[in-house]
Amino acid sequence: TDLALAAGNARFFERILGWGRFRFGGLAGFETDNLGSLLTALESWGIEPDFVVGAVNPAGFAMKPSPDDVLDAMSRSGIPVIATELRAGGTVSLTDGAAFARAQGVRGLAPDLVEMDDVAVELRLLASLA
């Protein structure tokens, strides 16, 4: 995703979406390390994946090109975002990261199990936010 984004290859995104939807008979999206840039590019190209996966957290960790750019692109875009890096590299709690992401309008959360100290307890805490 990020290589095609850096190359400005809109055709890649169009084709892979069509192929993914046809091949798997469902939704198709992209995971990126450059959420703000990808959402902006997709908007300018008129390409609408079913979702995009990228970093969203209160510390701005891994939110590229900048936290403000990511939040601005998310507010403009109608593309659903699935948030990752919720714990901001371990600097915030999972519930704080999840609450922040939800407040920004993300459609889903994808916590990394490596980030959880007690998976069962923390998943129950996330469920209580819903």
Side-chain angles (χ1 to χ4, degrees):
T1 299
D2 292 327
L3 183 58
L5 175 62
N9 192 343
R11 189 172 179 194
F12 164 84
F13 291 98
E14 290 174 331
R15 287 189 167 198
I16 203 74
L17 278 177
W19 176 83
R21 288 172 176 151
F22 175 77
R23 171 69 173 87
F24 299 106
L27 304 176
F30 301 103
E31 183 170 3
T32 183
D33 287 329
N34 300 286
L35 183 58
S37 299
L38 181 60
L39 290 172
T40 300
L42 292 171
E43 180 182 26
S44 72
W45 296 329
I47 298 171
E48 296 184 21
D50 298 302
F51 61 91
V52 173
V53 180
V56 179
N57 58 71
F61 177 77
M63 292 174 65
K64 298 177 191 169
S66 75
D68 288 340
D69 289 331
V70 170
L71 297 177
D72 182 53
M74 287 174 58
S75 70
R76 283 192 329 268
S77 173
I79 299 169
V81 172
I82 309 297
T84 61
E85 298 294 346
L86 298 168
R87 293 207 54 219
T91 62
V92 300
S93 72
L94 182 60
T95 53
D96 287 347
F100 174 84
R102 297 292 292 187
Q104 304 312 312
V106 300
R107 294 292 271 299
L109 306 170
D112 190 335
L113 294 179
V114 176
E115 294 183 312
M116 296 183 193
D117 295 323
D118 186 340
V119 175
V121 169
E122 291 186 338
L123 287 177
R124 279 194 294 276
L125 287 172
L126 283 181
S128 71
L129 293 176

If you draw a 6.0 Å radius around CD in Glu48, do more than 12 non-hydrogen atoms from other residues or ligands fall strictly inside? no

Using the rule given for ring pair (Phe, Tyr, Trp, His ring centres under 6.0 Å), can you reason through Trp19 versus Phe12, listing the C-alpha separation, both sets of side-chain angles and the distance that settles it, and then say yes or no? CA-CA 10 Å; Trp19 176 83; Phe12 164 84; over 10 Å; no

NZ/NE/NH1/NH2 to OD/OE distance under 4.0 Å, Arg21 and Asp50: yes

Side-chain contact, heavy-atom cut-off 4.5 Å: Arg102 with Leu109? yes

Using side-chain heavy atoms (C-beta onward) and a distance below 4.5 Å, is Val56 in contact with Ile82? no

Check the hydrophobic clustering (I, L, V, M, F, W, Y; side-chain heavy atoms under 4.5 Å; chains of links allowed) and say if Ile79 and Val81 are grouped together. yes

Heavy-atom count around Arg107 CZ within 6.0 Å, excluding the residue itself: above 12? no

Please evaluate residues Phe13 and Leu5 with respect to the criterion side-chain contact (heavy atoms from CB on, under 4.5 Å), reporting the C-alpha separation (whole Å), side-chain torsions for both, the decisive distance (0.1 Å), and the verdict. CA-CA 9 Å; Phe13 291 98; Leu5 175 62; 4.2 Å; yes

Heavy-atom side-chain contact between Phe51 and Leu27 under 4.5 Å: yes

Residues, nucleotides or ligands: over 12 heavy atoms within 6.0 Å of Phe24 CZ: yes

Pairwise side-chain contact, Leu42 with Pro49, heavy-atom cut-off 4.5 Å (strictly under): yes

Any Leu86 side-chain heavy atom under 4.5 Å of Phe100 side chain: no

Please round to the nearest 0.5 Å and tell me the distance separating atom CG of Leu94 and atom CZ of Arg87. 7.0 Å

Indicate every side-chain donor-acceptor pair of residues 61-68 with a distance under 3.5 Å to a residue at least two apart or in another chain.
unit_1: Ser66; atom_1: OG; unit_2: Asp69; atom_2: N; d: 3.1
unit_1: Ser66; atom_1: OG; unit_2: Asp69; atom_2: OD2; d: 3.0

On a heavy-atom basis, the closest approach of Leu17 and Gly29 is CD2-N, 4.3 Å

How long is the gap from CG on Leu35 to OG on Ser77, to the nearest 0.5 Å? 8.5 Å

Tell me whether Val106 shares a hydrophobic cluster with Leu38, the cluster being built from Ile, Leu, Val, Met, Phe, Trp, Tyr side chains joined at under 4.5 Å. yes

Nearest-0.5 Å distance, CE of residue Met74 to CD of residue Gln104: 6.0 Å

Grab the two heavy atoms, one from Ser44 and one from Ala41, that are nearest each other, plus how far apart they are. OG-O, 2.8 Å

Do Asp96 and Ser93 have a side chain donor and acceptor closer than 3.5 Å? yes

How close do Ala73 and Gly36 get, counting heavy atoms only, and between which atoms? CB-O, 3.8 Å

I'd like to check Thr32 versus Val52 (side-chain heavy atoms, cut-off strictly below 4.5 Å). Are they in contact? yes

Kindly compute the distance separating CG (Asn57) from OG1 (Thr91), expressed to the nearest 0.5 Å. 7.0 Å

